[in-house]
Amino acid sequence: MKKLALCGFMGCGKTTVASALSKNHGLSHIDTDKFIEEKENITITEMFKNHSEAYFREKESEVIKTLSQKDSYVLSLGGGAVMFDKNVKALKENGYTIVFIDTDLSILKERLLNDTQRPLLNTNDIDDLYNKRLSTYQSICDIKVTVKNESGEQIADMIMQELKKKA
């Protein structure tokens, strides 16, 4: 069965798309951020505040290493997860196809306008953060789907079509 890891900037719809892939294509879905929160019994916002971003990134890498060894999963990764080579390496070595959900910055800004649950938005300029990450998303992905305002189901279907082309 398929092993997919969805990457992209915060607000691009990774969790929604992973849920649609799970529902419509019989794949199990794990949101790595939610998994970390449940495992650590603390929100990511609290983790950043009480510990540090570095602490969160270490937990994220541990989770990705563990989950990447499982079969038939759709992993929705945190927006910064693929910025670390060890995470990309773990996914690729374990046969995951990395899918970049490429969403225009103007759409992301609109979606994130009133979001207070993402700690990096409080300490970073969204334009700078997006521009720092974009080239990495593009260079590490196996599949890129460019989206505007499609539904999660439509994006899931786009991904499945791209996978069929690569098969």
Kindly write out the residues that satisfy salt bridge (Lys or Arg N to Asp or Glu O under 4.0 Å) with [X], not counting sequence neighbours, or none if the list is empty.
X      : value
Asp127 : Lys109
Lys23  : none
Glu150 : none
Asp33  : none

Electrostatic pair [X]-[Y], nearest N-O below 4.0 angstrom:
X      : Y      : answer
Glu162 : Lys165 : yes
Glu60  : Arg57  : yes
Asp142 : Lys166 : no

Acceptor/donor pairs from residues 75-89 side chains to any protein atom, 3.5 angstrom cut, sequence neighbours excluded:
unit_1 : atom_1 : unit_2 : atom_2 : d
Ser76  : OG     : His29  : NE2    : 3.2
Ser76  : OG     : Asp31  : OD2    : 3.4
Lys86  : NZ     : Glu58  : OE1    : 3.4
Asn87  : OD1    : Ser61  : OG     : 2.9
Asn87  : ND2    : Ala81  : O      : 2.8

- Query: Is there a side-chain contact between Phe56 and Ile36, using heavy atoms and a 4.5 Å cut-off?
  - Reply: yes
Original post:
Does a side-chain heavy-atom distance below 4.5 Å link Leu129 with Asp125?
Top reply: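 A side-chain contact is absent here, since even the closest heavy-atom pair is not under 4.5 Å.
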Practice prompt. Kindly indicate, with the supporting measurements, whether the criterion side chain to side chain donor-acceptor pair (under 3.5 Å) is fulfilled by Ser135 and Gln138.
Written response: CA-CA 5 Å; Ser135 63; Gln138 293 172 335; over 6 Å; no
So ring pair (Phe, Tyr, Trp, His ring centres under 6.0 Å) across residues 133-167, not counting sequence neighbours, yields Phe100-Tyr137
